[in-house]
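Input: a single structure, listed below in structure tokens.
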Protein chains: 2
Amino acid sequence: MTAKNIRARVRDELTSEIKAIARRQLATEGANLSLRAVARELGMVSSAVYRYFPSRDDLLTALIIDCYDELGAAAETAEAAVDRADLLGRWLATGHGIRDWALANPAEYALIYGSPVPGYKAPETTVGPATRTTDLLLGLLADGVATGALVADAAEPGRAAGTAPPVPVELGAELDRIAAAACPTVPREILARGLTGWIQMFGVVTFELFGRFQNMIEDSRRAFHDHQLRVMAGYIGLR
Amino acid sequence: MTAKNIRARVRDELTSEIKAIARRQLATEGANLSLRAVARELGMVSSAVYRYFPSRDDLLTALIIDCYDELGAAAETAEAAVDRADLLGRWLATGHGIRDWALANPAEYALIYGSPVPGYKAPETTVGPATRTTDLLLGLLADGVATGALVADAAEPGRAAGTAPPVPVELGAELDRIAAAACPTVPREILARGLTGWIQMFGVVTFELFGRFQNMIEDSRRAFHDHQLRVMAGYIGLR
DNA sequence: AACTGTCAAGAGCACTGCTCTCGTTTTGTT
DNA sequence: AACAAAACGAGAGCAGTGCTCTTGACAGTT
């Protein structure tokens, strides 16, 4: 069986080496990386690379999946280090974990959360790894609901009526559908708040990564992100 | 002088025709549009286009400036139609105006708010048009402060203490610097809240445009955006 | 009428994704 | 052990790209 694995193992090694070189080129070339350049750096001929990835888009797909998985793993380990009962701490750890990974891998973040590549259509195989980060939030909400730490607006102490508008009816059905599929125990009001915080979190990271903070927030970007996280945590009801 | 203008006028017409065709190709090709394809569609030879735009990046810059201006104008006209005293209405109009433009011009929105183009460095000439939308928010905040409708957290009725975390000291200096340069009358707490709402607004539009709502929010995206706008308006204190 | 600057066209360079063919090597089967 | 089948790397080639340079034609100025 080792004889059988000789070729397979070389293939696996070359496959991941191609991906590694492509990842490195991603940093300088962005989404329009060159298969020929990868082959050149590998000492191979361009047509040989096509034995491993049938097209450039397939290479991109492999990279996207890897990046989703890496980001998901980074967020998960950051979140797992916090006491389960500390909902706010888990939320903060998740948010900072995602930002840290994004700052360490800006090109990769742009690949998965930036503008869609023109002719590229993400296949179904990418949705699984993509939901790893959102699953963290949903787990957070479900845990909060289970322990009673997270309650809907009306019953929540310390929050005055009228501050937060109620979920409109048009949204209700859709939110219920999402909850039924992903987190049946979470009421729609809490799910809506979680979604708002989730979007804000990625919005801040995206703004920072894409240079929209230039000439604005320069020295205290981490503190800014932390503040946004805490604001949204307060809105969601995490404490 | 008309004799002199014959050439200049033809030049201007051709310049805008090139930009128009490039805009149209932007929709299908994304940021990596082809100068040769533009020339082909124009019945010209590629080298002739270089008389009008010294490089592909310069064409891109021209498009970016046009898009920023268009988005800014769309947001301004939407906001200008609302009664000056109606801060919430102005905020909603701005937000929906931006979203409407983005939905009508998704490729253009991706160009200016999506991932930065790999080798491309936006020149200084783009920052002016880029700030048109943020100026709307700052004007909104300044108006609210001037009329007394917008007040800092502690004095604001209907909001309980502890819901919104205070601005951390590290952020304070930076926020004061921004305020001093752009909106001297707006206190840092209100500016911080406005910034949060601003990021959330663009975050929602970006998520929707970049396909992150697929299999989640499908039928009520406008209502969702509207709800987000109202949530953030409540947080900022607009009413 | 002569000069000067602008223009479109064409050839050419180096690059890209991708396909096809060719000889070689490895694999699985008889 | 022998052999067919599959996998592999190399090379040539096609159509496309951004960009540069040169050439010849035209317009505006003096």
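Since this is a predicted model, take the numbers as computed values, not measurements. Reminder, nothing fancy here: chain letters follow the sequence lines and each chain counts from 1.
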*C:dG17 P sits how many Å from A:N32 CG, rounded?*
9 Å

_Residue pairs fulfilling ring-ring contact (aromatic ring centres under 6.0 Å, His included) with at least one residue in residues 43-74 of chain B, sequence neighbours excluded_ = none

_ring-ring contact (aromatic ring centres under 6.0 Å, His included) partners of A:H225, counting only residues at least two apart_ = A:H96

*Strand-adjacent residues in residues 11-25 of chain B, judged by heavy atoms under 4.0 Å from DNA chain C*: B:R11, B:L14

For residues 28-35 of chain B, run the donor-acceptor check on the side chains, cut-off 3.5 Å, and write out each pair with its distance to 0.1 Å, sequence neighbours left out.
unit_1	atom_1	unit_2	atom_2	d
B:T28	OG1	B:Q25	O	3.2
B:S34	OG	B:R36	N	3.3
B:S34	OG	B:A37	N	2.9

*What residues form a side chain to side chain contact (heavy atoms under 4.5 Å, CB included) with B:P123, not counting sequence neighbours?*
B:T61, B:Y120, B:T125, B:T126

Report all side-chain donor-acceptor pairs from residues 104-114 of chain B shorter than 3.5 Å, counting only partners two or more places apart or in another chain.
unit_1	atom_1	unit_2	atom_2	d
B:N105	ND2	B:W101	O	3.0
B:E108	OE2	B:R23	NE	2.7
B:Y109	OH	B:T206	OG1	3.0

*The single option from B:R99, B:R221, B:Q214 passing side-chain hydrogen bond (donor to acceptor under 3.5 Å, both in side chains) against B:E208*: B:R99

*May I ask you to verify whether the side chain of B:R36 and the base of D:dG16 hold a donor-acceptor pair under 3.5 Å?*
no

*For B:T77, enumerate each residue passing the side chain to side chain contact (heavy atoms under 4.5 Å, CB included) test, keeping only those at least two apart in sequence or located in another chain.*
none

*Whole angstrom is fine here: how far is it from CD in A:E29 over to C1' in C:dG17?*
15 Å

*Where along residues 39-60 of chain B does a heavy atom come under 4.0 Å from DNA chain C, residue by residue in number order?*
B:M44, B:V45, B:S47, B:A48, B:R51, B:Y52

*Would you kindly give the CG-to-C1' distance between B:L35 and D:dT20, to the nearest whole Å?*
14 Å

*asked:* For A:V82, give me all partners under side chain to side chain contact (heavy atoms under 4.5 Å, CB included), at least two apart in sequence or on another chain.
replied: A:D86, A:R90, A:A93

